[in-house]
Amino acid sequence: ATNGDMVNVTTTGQASVTQILTAAGNDDVNVATTGFSSGLDVETSDGNDLVLFEDTGDGTMAEPAVNRVLLGAGNDVFNVRGTGESSLTDVFGATGVDTFNISSDANGDRLDPNGTMAGDLDDLLGDICVFGEDSPVPGTVTDSVTGRQTDGDDVTVDVEIELGDELNIVDAGSTSDNRYELTASTFQRTLPAPETGVVTYETVERLNVETGSGGDTVVIASTADETYLDFRTGDGGDTVTVSDTGEASLADLNTQADND
């Protein structure tokens, strides 16, 4: 049908392959979980689609569970609340402004693509790859930084970022003393054990990260070129190290409450 489909997946068979194709329209696809070492392929067509993965099946290193989501043209929202051990989930945007939410309560919708997330990453056990792909430019964000040189003169750097696809990673509900590592293409919570899966991202114009309320350690090795990063460390006495930032990028770091 072309007026919007509703697809609910409770589970799939072990070592099975399932393909879901939706036609044009504003489609809803809800996946509760998938089978052990199974494959799931979801392809949506034109429209503002809403896809939710509550969890995915586990796998093994030799036989991982593999999931692929191809979002069609439109302003789509992909929510993922958990992924199984030794699983891999690839999600591809298309033309349109797409939003990707990762948290235990990820709840973005068509009216509020970012949702109101306050969950954690405890159930993120498998890897996720997010590819924003092409998007129009709904707006820009501009910021400037002014510093004083040794000769006493001020120098100002102005940067304007074209906004488009957005990736939100929220661990605000975690109260542990965590370690987070961010590079220009990956994000992971590495401590305490077990570490989360790795989130790999490409061609997203905005990345928003919110960590928990413990005494966290944040290591930002690099940020992506021409990308806006909004990183919030939450409550707790946090330690943040920034080694490098991307060319023509913007990075806002908010350490929030307590002695950081």
Side-chain angles (χ1 to χ4, degrees), residues 53 55-56 78-91 99-108 114-132 161 165-225 227-246 249-260:
F53 275 31
D55 199 5
T56 70
F78 177 77
N79 297 309
V80 58
R81 297 176 178 173
T83 53
E85 293 184 21
S86 296
S87 70
L88 174 62
T89 300
D90 289 346
V91 56
T99 304
F100 310 90
N101 300 314
I102 303 175
S103 188
S104 61
D105 63 349
N107 61 351
N114 291 354
T116 55
M117 295 183 291
D120 57 55
L121 302 177
D122 293 354
D123 293 329
L124 186 69
L125 304 178
D127 296 340
I128 300 177
C129 296
V130 174
F131 304 93
I161 300 293
D165 300 320
E166 190 164 349
L167 170 59
N168 300 299
I169 305 174
V170 176
D171 198 30
S174 176
T175 59
S176 301
D177 296 340
N178 300 318
R179 178 183 173 91
Y180 303 90
E181 298 182 8
L182 177 70
T183 75
S185 61
T186 63
F187 171 87
Q188 187 179 27
R189 192 182 77 188
T190 56
L191 290 173
E195 61 187 21
T196 66
V198 177
V199 179
T200 300
Y201 61 96
E202 292 183 10
T203 55
V204 295
E205 286 71 46
R206 177 166 181 158
L207 171 61
N208 303 312
V209 179
E210 187 171 356
T211 66
S213 59
D216 300 321
T217 299
V218 176
V219 178
I220 300 176
S222 57
T223 67
D225 294 342
T227 300
Y228 176 46
L229 169 66
D230 186 347
F231 204 112
R232 300 170 184 263
T233 63
D235 296 342
D238 306 312
T239 301
V240 181
T241 302
V242 180
S243 297
D244 194 16
T245 58
S249 66
L250 282 174
D252 281 343
L253 177 61
N254 188 336
T255 58
Q256 301 185 298
D258 294 315
N259 297 324
D260 301 310

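These numbers come from the heavy atoms of this one structure, side chains and all, not from hydrogens, waters or symmetry mates.
- Residues Thr211 and Gly234 come closest through the heavy atom pair OG1-N, 4.1 Å.
- To the nearest 0.5 Å, atom CD of residue Glu210 and atom CD1 of residue Ile169 are 12.0 Å apart.
- Taking every heavy atom of both residues into account, Met117 and Ala106 meet most closely at SD-CA, 3.6 Å.
- Nearest heavy-atom pair, Thr245 versus Thr223, reported as atom, atom and distance to 0.1 Å: CA-OG1, 3.2 Å.
- Glu166 pairs with exactly one of Thr99, Asn208, Asn101 by the side-chain hydrogen bond (donor to acceptor under 3.5 Å, both in side chains) rule, that one being Asn208.
- Formation of a donor-acceptor pair under 3.5 Å by the Thr196 side chain with backbone atoms of Arg189 is found in this model.
- The distance from atom OG1 of Thr186 to atom OH of Tyr201, rounded to the nearest 0.5 Å, is 7.0 Å.
- Side chain of Thr227 to main chain of Asp225: a donor-acceptor pair is present (N/O by atom type, distance under 3.5 Å, no hydrogens or angles).
- In this structure, Ser87 and Gly84 approach most closely via the heavy-atom pair OG-O, 2.6 Å.
- Between Ile102 and the options Val170, Leu167, Asn168, a side chain to side chain contact (heavy atoms under 4.5 Å, CB included) holds for only Leu167.
- Summarising the geometry, atom CG belonging to Leu182 is positioned 12.5 Å from atom OG1 belonging to Thr241; distances are rounded to the nearest 0.5 Å.
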* Candidate pair Val199 and Leu124, rule side chain to side chain contact (heavy atoms under 4.5 Å, CB included), full reasoning -> CA-CA 9 Å; Val199 179; Leu124 186 69; 4.0 Å; yes
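- No donor-acceptor pair under 3.5 Å is formed between the side chain of Asn107 and the backbone N or O of Gly115.
- Here the straight-line distance linking atom CG of Asp216 with atom CZ of Arg179 works out to 11.5 Å at 0.5 Å rounding.
- Here the shortest heavy-atom pairing between Thr190 and Glu181 reads OG1-OE2, 3.5 Å.
- With hydrogens and angles ignored, the 3.5 Å screen pairs a side-chain donor or acceptor of Ser222 with a backbone N or O of Ala184.
- Although no hydrogens or angles enter the test, the distance criterion places a donor-acceptor pair under 3.5 Å between the side chain of Glu205 and the main chain of Asp165.
- Thr56 contributes atom OG1, which lies 14.5 Å from atom CZ of Arg81 (distance to the nearest 0.5 angstrom).
- Tested against Phe187 for a side chain to side chain contact (heavy atoms under 4.5 Å, CB included), the candidates Thr200, Leu121, Ile220, Ile128 yield a single pass: Leu121.
- If you take CD on Glu85 and CG on Asp127, they are separated by 11.5 Å, rounding to the nearest 0.5 Å.
- Here the options are Thr233, Asn178, Thr217, the test is side chain to side chain contact (heavy atoms under 4.5 Å, CB included), and the partner is Asp238; only Thr233 passes.
- Remark: side-chain polar atoms of Asp252 are not paired, donor with acceptor, to backbone N or O of Asp230 under 3.5 angstrom.
- Counting heavy atoms from C-beta on, the side chains of Asp171 and Tyr180 come closer than 4.5 Å.
- Side chain of Ser104 to backbone of Asp120: a donor-acceptor contact under 3.5 angstrom is found.
- Side-chain N/O atoms of Ser174 and Asp122 include no donor and acceptor closer than 3.5 Å.
- Thr175 places no side-chain N or O within 3.5 Å of a backbone atom of Ser213 that could act as its donor or acceptor partner.
- Across all their heavy atoms, Ala221 and Ser243 have their closest contact at O-CB, 3.5 Å.
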